[in-house]
Amino acid sequence: MMKKILYPLFIFSILFTIGCEDEKETDPVNPLIGVYNLTSTSIEVQTTPTQTLTFNHDGTNTYLVFILGDDGVYSLQGKIDGEDSSDGGTWSDTGNKLTLIPSDGDTEIWDFTLTGNNLVMTITEPETDDMWEYVMTYNFTKE
């Protein structure tokens, strides 16, 4: 008789335990993942006086599409002042630093802010024998 009572309780407790297993937690989606369209870009050359070149999206001579994929791969396609621009590779972020490793292997570490759908990326390149120091800024809007 005791077996007849305990057996259903035993089966019920196993089913209850299985049904109450914790659901696996998923990693939160990185808010940077998405497709971005260039609104403007500027290059500030650190000369005396400072010189700034700005290019605004016009859909013909200046436009870029920047894609940050959830697989850690990025691509960049378009034109800046009529010059073709194409790049791709892998990406990652830590804090406010966006690391891009293009297919040519030259790692770039950009400062960034993401406010709503607006992504601003800035990088400073030091002066070399051939070039002045400059600060490059890209302004994008997420689709």
Side-chain angles (χ1 to χ4, degrees), residues 3 5-143:
K3 277 185 171 180
I5 294 172
L6 290 178
Y7 185 72
L9 286 173
F10 175 73
I11 297 297
F12 178 76
S13 66
I14 289 173
L15 292 174
F16 182 78
T17 303
I18 291 171
C20 292
E21 281 186 32
D22 290 340
E23 290 185 27
K24 291 183 181 179
E25 290 186 28
T26 58
D27 291 332
V29 175
N30 187 319
L32 285 172
I33 294 170
V35 177
Y36 296 86
N37 292 298
L38 181 77
T39 54
S40 66
T41 184
S42 65
I43 302 170
E44 184 179 282
V45 183
Q46 303 299 306
T47 58
T48 306
T50 300
Q51 298 176 28
T52 302
L53 303 168
T54 300
F55 303 98
N56 294 311
H57 171 89
D58 65 12
T60 304
N61 288 316
T62 299
Y63 62 92
L64 285 177
V65 176
F66 183 44
I67 302 171
L68 294 172
D70 62 359
D71 56 359
V73 174
Y74 79 91
S75 67
L76 179 78
Q77 299 287 326
K79 290 185 178 191
I80 300 289
D81 195 30
E83 296 291 321
D84 288 333
S85 184
S86 177
D87 195 11
T90 60
W91 72 276
S92 63
D93 70 303
T94 303
N96 70 335
K97 304 289 184 188
L98 176 62
T99 301
L100 301 179
I101 303 175
S103 54
D104 68 9
D106 293 334
T107 299
E108 302 171 350
I109 300 175
W110 294 77
D111 292 317
F112 78 89
T113 57
L114 180 62
T115 308
N117 288 337
N118 297 312
L119 173 65
V120 178
M121 298 170 40
T122 303
I123 194 166
T124 301
E125 294 293 335
E127 185 173 345
T128 65
D129 290 339
D130 301 326
M131 205 163 220
W132 295 95
E133 177 179 330
Y134 66 92
V135 178
M136 184 176 295
T137 301
Y138 284 99
N139 296 292
F140 292 98
T141 301
K142 191 174 189 179
E143 287 184 2

To the nearest 0.5 Å, how far apart are CG in Leu98 and OG in Ser92? 7.5 Å

Give a yes or no on whether the backbone of Ile123 and the side-chain of Glu125 come within a donor-acceptor separation of less than 3.5 Å. no

Would you please test Leu38 and Thr62 for side-chain contact (heavy atoms from CB on, under 4.5 Å) and show each step? CA-CA 8 Å; Leu38 181 77; Thr62 299; 3.8 Å; yes

Spacing of Asn30 atom CG and Asp93 atom CG [to the nearest 0.5 Å]: 4.5 Å

How many angstroms lie between atom NZ of Lys79 and atom OG of Ser85, to the nearest 0.5 angstrom? 11.5 Å

Passes side-chain contact (heavy atoms from CB on, under 4.5 Å), Thr99 versus Thr107? Steps please. CA-CA 7 Å; Thr99 301; Thr107 299; 3.7 Å; yes

Please lay out, stage by stage, how Thr141 and Asn118 fare under the test side-chain contact (heavy atoms from CB on, under 4.5 Å). CA-CA 5 Å; Thr141 301; Asn118 297 312; 3.6 Å; yes

Approximate separation, where rounding is to 0.5 Å, of Gln46 CD and Met131 CE: 13.0 Å

Without swapping roles, check the side chain of Lys142 against the backbone of Ile33 for a donor-acceptor pair under 3.5 Å. yes

Taking it one step at a time, do Gln51 and Trp132 satisfy side-chain contact (heavy atoms from CB on, under 4.5 Å)? CA-CA 11 Å; Gln51 298 176 28; Trp132 295 95; over 6 Å; no

When rounded to the nearest 0.5 angstrom, what is the spacing between CG in Leu68 and OG1 in Thr90? 11.0 Å

Sidechain-backbone polar pair: Thr39 side chain, Asn139 backbone, donor-acceptor under 3.5 Å: yes

Should the ring pair Tyr138 and Trp110 be called parallel, tilted or perpendicular, given that the plane angle runs from 0 to 90° and is split at 30 and 60? tilted

Using modelled atom types and a 3.5 Å cut-off, is there a donor and acceptor pairing between side-chain atoms of Thr122 and backbone atoms of Thr137? no

To the nearest 0.5 Å, what is the distance between CG on Asp106 and CD1 on Ile101? 10.5 Å

N/O donor-acceptor pair under 3.5 Å between Trp91 side chain and Ile67 backbone: no

Kindly give the heavy-atom pair with the smallest separation between Met121 and Phe66, and that separation in Å. SD-CE2, 3.5 Å

Test applied, side-chain contact (heavy atoms from CB on, under 4.5 Å); reference residue, Tyr36; option that passes from Leu114, Asn117, Leu64: Leu114

